[in-house]
Protein chains: 2
Amino acid sequence: MPRKPSYDRDALIAQARDLFWQQGWAGTSLKDLESALNLKPGSFYAAFGSKDALYALTLERYAQDGVARLMAMADEMGPLRALKAQPHVVIDEREMPARACMLAKTYAELQSKGHDLADKAGCHMADMKASFATLFRRAQQAGEIGPDHDPDRLAARYQSDILGLRLSAERRDVNAVEIAEDIAADLDRL
Amino acid sequence: MPRKPSYDRDALIAQARDLFWQQGWAGTSLKDLESALNLKPGSFYAAFGSKDALYALTLERYAQDGVARLMAMADEMGPLRALKAQPHVVIDEREMPARACMLAKTYAELQSKGHDLADKAGCHMADMKASFATLFRRAQQAGEIGPDHDPDRLAARYQSDILGLRLSAERRDVNAVEIAEDIAADLDRL
DNA sequence: GGCTTTCTTGAGCGATCACTCAAGTATATA
DNA sequence: TATATACTTGAGTGATCGCTCAAGAAAGCC
């Protein structure tokens, strides 16, 4: 019957994700989004409902892509090598709008206010931690790491290290590559 | 000649620091500050000049206190034991308004906009990293860690781990004490 | 007490916030 | 081509943002 939208919804979500990732929730205004997505207010609200609803979509996209990339690496090179590669991958990507983790930034910004988006970011981080734990468990079953380690504990420490690494990678006075090397090297001692 | 202010400036700065620390820069409005500090707009601006100027004061206070506490621990128990205690200390304090590092939160929130406060937070983080490096150097000179390590590199990795730990400690699904133990245990292998 | 000087008060400034909605436009069906 | 059905547009909503300033209140010195 009627006309179709003139935009690519997935592409808009990706653009919005990059904006939110870089500037945060409060730091990104509707005006910013409208000009970046080339959408007038009416179209924006028809397409996404609200700023928060779009933010939630971008969080989902971000988290899904992250888990998918990690698991693809694990399929290609095995669990331990994927875990050793991950630190380098997350700080190396040049096209990324920010080095710091978008989930962590969201959680840090909004958790104190009890915002729904903080809970969602927290859930996505928990999913990511579970993925790390799965890989540690597989590495253990494959004999790549010793049998005495608790995969869940390893995953929590590893994720914490990655979060710190990614935050450090935003700084000019820090050599993030060295930190990534050290995190990866620690996995050889397990 | 005239009357004195009815407030304790240092106490107000500490209160403002706690608010900013918890809620962030954009997340803390003048109304929040006025009601928390019990100050009307006129008094607020007479005392501090602007929201950003007060924020800068709170950053300074936060950073000074952090370095002072670390160095006091080092004087009391030696450099290596201080570095091993620090992870537990930063996540253990119950009266703190947030576990995550205020400098890191500030930097993450404002760096992408080139805000002055992000630069200031970055400088304070660099100072903290230098303090860590000093302690690693002293520990090395005392023979507490091997002579083949670069204290600056150790400090960068250690600070990154601490930042990750403090961010993780905000989460309910993470056992931050275990991570702190693991970070401290790593120092014994140096 | 009289005077000076500062602190305190709170109404209100322009700008920006997220968001709405009615009018106009373009497209797919018939 | 005519009609129905969306999509597009942008002026405009009330609320809140950081901040100003003139008037009033209080404390130190004579």
Side-chain angles (χ1 to χ4, degrees), chain A residues 1-13 15-59 106 109-110 112-118 120-121, chain B residues 1-13 15-59 106 109-110 112-118 120-121:
Chain A
M1 307 132 126
R3 63 195 288 202
K4 285 175 288 185
S6 66
Y7 48 74
D8 175 353
R9 196 163 198 275
D10 278 355
L12 291 188
I13 292 174
Q15 282 184 270
R17 175 203 59 198
D18 290 353
L19 252 189
F20 282 136
W21 187 355
Q22 197 171 54
Q23 305 186 349
W25 178 79
T28 306
S29 70
L30 257 291
K31 242 183 96 180
D32 291 339
L33 288 166
E34 285 157 19
S35 71
L37 309 187
N38 201 27
L39 236 48
K40 309 298 172 190
S43 297
F44 179 92
Y45 283 91
F48 301 113
S50 73
K51 178 185 175 180
D52 284 3
L54 174 57
Y55 199 105
L57 287 176
T58 66
L59 276 186
T106 302
E109 181 180 3
L110 300 175
S112 75
K113 313 202 147 186
H115 200 297
D116 286 346
L117 291 168
K120 285 174 179 156
Chain B
M1 306 131 122
R3 66 196 285 203
K4 284 174 286 185
S6 67
Y7 48 76
D8 176 352
R9 196 161 197 273
D10 278 354
L12 291 188
I13 292 174
Q15 280 183 272
R17 174 203 59 200
D18 290 353
L19 252 189
F20 283 135
W21 186 356
Q22 197 171 52
Q23 305 185 348
W25 179 80
T28 307
S29 71
L30 255 291
K31 240 182 98 180
D32 291 338
L33 287 165
E34 284 158 20
S35 72
L37 308 188
N38 200 29
L39 236 47
K40 310 298 171 188
S43 298
F44 180 91
Y45 283 91
F48 302 113
S50 74
K51 178 185 175 182
D52 284 2
L54 175 57
Y55 199 105
L57 287 176
T58 65
L59 277 186
T106 302
E109 180 181 4
L110 300 176
S112 75
K113 313 204 144 184
H115 200 298
D116 286 346
L117 291 169
K120 285 175 178 157

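A quick note: this is a predicted structure, and the numbers were derived from the prediction, not measured. Numbered from 1 within each chain, the chains take letters A, B, ... in sequence-line order.
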**Q** When the distance from CG of B/Leu39 to P of D/dC19 is rounded to whole Å, what number comes out?
**A**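 In whole Å, D/dC19 P lies 14 Å from B/Leu39 CG.
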**Q** OH of A/Tyr45 versus P of D/dG10: gap in Å, rounded?
**A** 17 Å
**Q** Which nucleotide in the list D/dA11, D/dC17, C/dT9 gets nearest to the side chain of B/Ser43?
**A**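 The answer is C/dT9.
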**Q** Output the rounded distance in Å from CG (B/Leu33) to C1' (D/dC19).
**A**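 For the pair B/Leu33 CG and D/dC19 C1', the rounded distance is 13 Å.
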**Q** In whole Å, I'd like the distance from the CG atom of B/Leu30 to the C1' atom of C/dA11.
**A** 15 Å
**Q** Classify the nucleic acid contact of A/Ser29 as base, sugar-phosphate or nothing, counting any heavy atom under 4.0 Å across all strands shown.
**A**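 The residue A/Ser29 makes sugar-phosphate contact but no base contact.
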**Q** Taking atom types as modelled and ignoring hydrogens, do the side chains of A/Thr106 and A/Tyr55 form a donor-acceptor contact shorter than 3.5 angstrom?
**A**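 Short answer, yes.
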**Q** Judged by each residue's nearest nucleotide on DNA chain C, which is more toward the 5′ side, A/Ser50 or B/Gly42?
**A**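 Upstream on the strand: B/Gly42.
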**Q** Roughly, in whole Å, what's the span from NZ in B/Lys31 to C1' in C/dA11?
**A** 15 Å
**Q** CZ of A/Phe44 versus P of C/dC19: gap in Å, rounded?
**A**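 Rounded to whole Å, this separation is 8 Å.
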**Q** Under 4.0 Å, heavy atoms only, any strand: does A/Lys40 hit a base, just the sugar-phosphate, or nothing?
**A**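 Contact class for A/Lys40: base.
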**Q** Give the rounded distance in Å between these two atoms: NZ of A/Lys51 and P of C/dT16.
**A**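 So the NZ-P distance, A/Lys51 to C/dT16, works out to 15 Å.
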**Q** For B/Asn38, look at atom CG and say whether over 12 heavy atoms of other residues, nucleotides or ligands are found less than 6.0 Å away.
**A** no
**Q** Rounding to a whole Å, what distance do you find between B/Phe48:CZ and C/dC7:P?
**A**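 Taking atom P of C/dC7 as the reference, CZ of B/Phe48 is at 12 Å.
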**Q** Using modelled atom types and a 3.5 Å cut-off, is there a donor and acceptor pairing between side-chain atoms of B/Gln15 and backbone atoms of B/Ala36?
**A** yes
**Q** Kindly indicate, with the supporting measurements, whether the criterion side chain to side chain contact (heavy atoms under 4.5 Å, CB included) is fulfilled by A/Thr28 and A/Leu33.
**A** CA-CA 7 Å; A/Thr28 306; A/Leu33 288 166; 3.9 Å; yes
**Q** Identify which nucleotide among C/dT8, D/dG18, C/dC19 has an atom closest to any side-chain atom of B/Tyr7, counting heavy atoms from C-beta outward.
**A**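 My answer, after comparing the listed nucleotides, is C/dT8.
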